[in-house]
Protein chains: 2
Amino acid sequence: MPTIKDIARKVGVSPSVVSRALNNKYGVKESTRQAVLRAAKELGYHPNVAARSLVTKRTEMIGVIIPDISEPFYSRMIKGMEYVASKTGYTLLFSNSYESLEQSKAVVKMVEAQRVEGLIIVGSSLKERDYIYSLIDKGTPFVVIERHYSDPRMNCIWVDNVVGGYVATKHLIQCGHTRVAHISGDLDVEVAAERLKGYKKALDEAGIPFSPDLVVSGAFVWQDGYHGMKALLSRTPRCTAVFAGNDSMAYGALQAIAEAGLSVPQDISVIGFDDLEFSSLTNPPLTTVRQPRYEMGRDAARLLVTCLEQSTQDKGMKICYPPEIVIRRSTSVYDSTDRTHA
Amino acid sequence: MPTIKDIARKVGVSPSVVSRALNNKYGVKESTRQAVLRAAKELGYHPNVAARSLVTKRTEMIGVIIPDISEPFYSRMIKGMEYVASKTGYTLLFSNSYESLEQSKAVVKMVEAQRVEGLIIVGSSLKERDYIYSLIDKGTPFVVIERHYSDPRMNCIWVDNVVGGYVATKHLIQCGHTRVAHISGDLDVEVAAERLKGYKKALDEAGIPFSPDLVVSGAFVWQDGYHGMKALLSRTPRCTAVFAGNDSMAYGALQAIAEAGLSVPQDISVIGFDDLEFSSLTNPPLTTVRQPRYEMGRDAARLLVTCLEQSTQDKGMKICYPPEIVIRRSTSVYDSTDRTHA
DNA sequence: AAGAATATCACAATCGTTTGTGAAACAAAC
DNA sequence: GTTTGTTTCACAAACGATTGTGATATTCTT
């Protein structure tokens with residue numbers, strides 16, 4: 001593999017001139033610059049990034065700490081990050097933090113060993129704030145997605161889950177539903193608690209009393225959506241609409257309702273949260289609250305890159321996306337005359 | 001960030017001794033090795049990978065060229081690769097080759113510029129064989145997933161799509177179906193042509209004449225499955241079973257059948273291919289042919305790592321997985337008495 | 001045409017490792 | 001007590017780039 005010296009020898013100049021020519025720097029005659037460029041192309045030269053980063057102390061790498069690349073929810077974010085990475089010349093390095101305990105380890109490994117220049121951290125767990133502060137101390141730029149810290153030095157990108165829960169619930173209420181259930185995610189998880197808060201707010205605003213009987217909770221997965229819905233179906237009077245904590249849970253709810261011989265939305269309306277790619281393919285297509293995942297990933301990367309370029313990590317940016325309701329066919333107006341109640 | 005020199009100064013030895021101590025090499029007294037180790041820990045030392053790879057000429061990076069990280073089909077493979085990468089200490093570098101034209105560019109970029117030590121190439125397009133041969137010439141180890149080349153120098157991992165198509169079709173025939181349709185992927189794509197071949201073979205073996213009327217083709221996406229199924233439904237006599245080219249197309253078919261007021265599997269049986277995570281959640285759960293995606297990714301990485309370690313890329317390995325049928329509830333026995341025909 | 005200003009280049013140091021070689025220190029052998 | 005053989009270490013040269021500095025060549029000034 002040819003080096004800068006090979007080019008220098010071929011053109012008849014010193015290596016330093018070649019370097020300057022290749023990097024479009026001041027102080028090299030146009031004709032020799034062209035000669036260098038030509039020679040580089042002929043030799044098939046590519047700079048050795050290791051050698052370069054050794055002296056420039058830059059790696060042009062961004063670390064991405066993300067719960068699980070293979071989850072559709074996150075992989076769409078990654079696409080957004082990749083878009084700006086490829087445009088700006090940065091390389092993305094991924095680390096899955098299946099276990100939140102791994103997160104801090106992954107971060108130090110990326111920063112200390114891999115020498116990434118900055119980090120995008122998706123869904124950091126509350127318990128591990130300390131390592132985030134150590135990043136601030138070290139001066140490593142980073143942006144956090146899916147969490148918002150009030151600390152003015154942090155860059156945060158998230159959607160307003162309270163508003164999301166509110167909008168979802170309000171949509172059901174506006175359809176005429178009064179017995180609106182909620183299948184919540186694990187309430188230890190911040191986003192689940194926030195969506196529940198929005199749910200309560202919408203009920204409150206409509207003058208509907210909150211009933212603990214209409215709320216079940218579990219992990220943000222299909223199974224818990226399924227079993228949660230089953231539990232809800234066994235209670236009387238039966239709910240006529242349900243707000244699922246996320247789309248996966250909504251899929252489970254859809255299944256439970258179908259198995260009970262009921263139909264969506266005639267008997268029960270269902271709304272989800274996230275708007276996964278698959279949600280337009282369910283039967284019926286799922287009404288849901290969209291999280292702009294691609295945009296979040298893209299903007300996180302953009303934000304980080306600007307931090308990196310101007311190296312002045314002044315005050316942190318807070319970007320909060322408004323959740324947007326996507327109305328499909330799993331929700332409809334409540335018509336008390338057209339059904340028999342349990 | 002501390003360097004090897006800082007440790008040397010602290011312990012009172014030369015940098016070379018520190019290097020040897022850290023790398024467990026022969027020729028350093030046990031007591032000083034311990035002292036070095038302790039100092040390294042105290043200082044929070046992490047080797048500078050750039051400096052190291054500059055002299056060792058190793059990057060410990062593996063390039064992964066893959067059509068689309070965010071597709072569930074591929075992201076599961078990635079999980080398999082990550083499993084062995086994390087165990088062996090390699091770092092994975094991804095490059096999406098949405099456009100097959102980008103593939104060759106991505107490969108050279110990874111090999112020449114990023115200096116990956118080896119490559120995993122998923123779904124290389126037939127048209128671009130030449131760059132693969134240039135890899136062989138350069139001596140860069142690589143393994144190809146989802147394609148099999150007979151060239152003995154290549155490492156290939158794939159599932160037998162002919163057998164897969166055969167097994168799927170045979171399952172339907174064994175259920176008593178004789179009018180078995182096929183919604184094929186784009187026949188320019190190798191795997192689609194192979195699955196069609198398996199379909200024909202199963203028909204042939206059962207003495208069922210092949211009817212072009214029962215085959216439609218399109219891209220491997222939901223929409224084309226949907227429209228393909230609609231086209232099939234408009235033909236008489238109507239098919240009683242359909243083998244979809246992959247699960248996404250099967251989802252589309254399911255939708256088209258439901259919209260036609262027919263039910264699965266009572267009126268029409270449907271079988272897919274791939275066994276995506278979502279396929280157990282469709283209504284009804286989809287019978288399909290499983291591709292061991294995780295295992296394929298894992299074994300590709302393992303194979304590549306062994307190539308890298310022993311650096312003797314002798315003859316290539318060919319690993320062919322048998323496709324495995326997963327019977328759920330979208331297929332059932334054909335009972336001609338219990339229905340009205342069009 | 002001589003001096004000043006500028007453009008163009010070569011030289012050398014540097015980044016943080018690894019690794020070959022030889023010097024010093026120590027132990028074992030006669 | 002000299003010789004031989006081992007350890008244990010320091011020194012120095014790489015690896016392939018970037019970059020500051022100073023030397024030469026070129027142009028401009030008057």
Interface polar pairs with nucleotides 13-16 of chain C, N/O, under 3.5 angstrom:
residue : atom : partner : partner atom : Å
C:dC15  : O3'  : A:Lys57 : NZ           : 2.9
C:dG16  : OP1  : A:Lys57 : NZ           : 3.2
C:dG16  : N2   : B:Ala51 : O            : 3.3

Which atom pairs link the protein and nucleotides 21-23 of chain D when you take only N or O atoms and keep those under 3.5 Å?
none

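The structure places CD1 of A:Ile7 at 9.5 Å from NZ of A:Lys10, a figure rounded to the nearest 0.5 Å. One distance of note links CG of A:Asp151 with NZ of A:Lys318; it measures 6.5 Å at 0.5 Å rounding. Of the inter-residue distances, the one linking A:Glu112 atom CD with B:His46 atom NE2 reads 4.5 Å to the nearest 0.5 angstrom. Atom OH in B:Tyr90 sits 6.5 Å away from atom OG1 in B:Thr88 (nearest 0.5 Å). Note that CZ of B:Arg302 and CD1 of B:Ile319 are 9.5 Å apart. Values are rounded to the nearest 0.5 Å.
Among residues two or more places apart in sequence or in another chain, the salt bridge (charged side-chain N to carboxylate O under 4.0 Å, His left out) test is passed with A:Glu82 by none.
Protein atom NZ of B:Lys25 is 7 Å distant from nucleotide atom P of C:dT18, rounded to whole Å. The distance from atom CD of A:Glu30 to atom C1' of D:dT26 is 17 Å, rounded to the nearest whole Å. What separates CG of A:Asn24 from P of D:dT18 is a distance of 12 Å, to the nearest Å. For the pair A:Tyr26 OH and D:dG20 P, the computed distance is 15 Å after rounding to whole Å. Between B:Lys29 atom NZ and D:dA10 atom P there is a gap of 11 Å when expressed in whole angstrom units. Atom CG of B:Leu22 and atom P of C:dT17 are 9 Å apart (whole Å). As rounded to whole Å, 23 Å separates atom P of D:dG16 from atom CZ of A:Arg58.
In terms of position on DNA chain C, the residue among A:Gly12 and B:Ser19 whose nearest nucleotide sits closer to the 5' end is A:Gly12.
Contact check on A:Glu30 versus A:Arg33 returns a salt bridge, with a Lys/Arg side-chain nitrogen under 4.0 Å from an Asp/Glu carboxylate oxygen.
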Given B:Ile65 and B:Asn96, is the side-chain contact (heavy atoms from CB on, under 4.5 Å) satisfied, shown in steps? CA-CA 6 Å; B:Ile65 315 279; B:Asn96 292 16; over 6 Å; no
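For a distance-only test at 3.5 Å, the side chain of B:Ser16 qualifies as a donor-acceptor partner of the base of D:dC11.
Contact annotation: A:Ser53 does not reach the phosphate of D:dA17 (side-chain N/O to OP1 or OP2, under 4.0 Å).
Classified by interplanar angle (parallel below 30°, tilted 30° to 60°, perpendicular above 60°), the ring pair B:Tyr294/B:Tyr83 is tilted.
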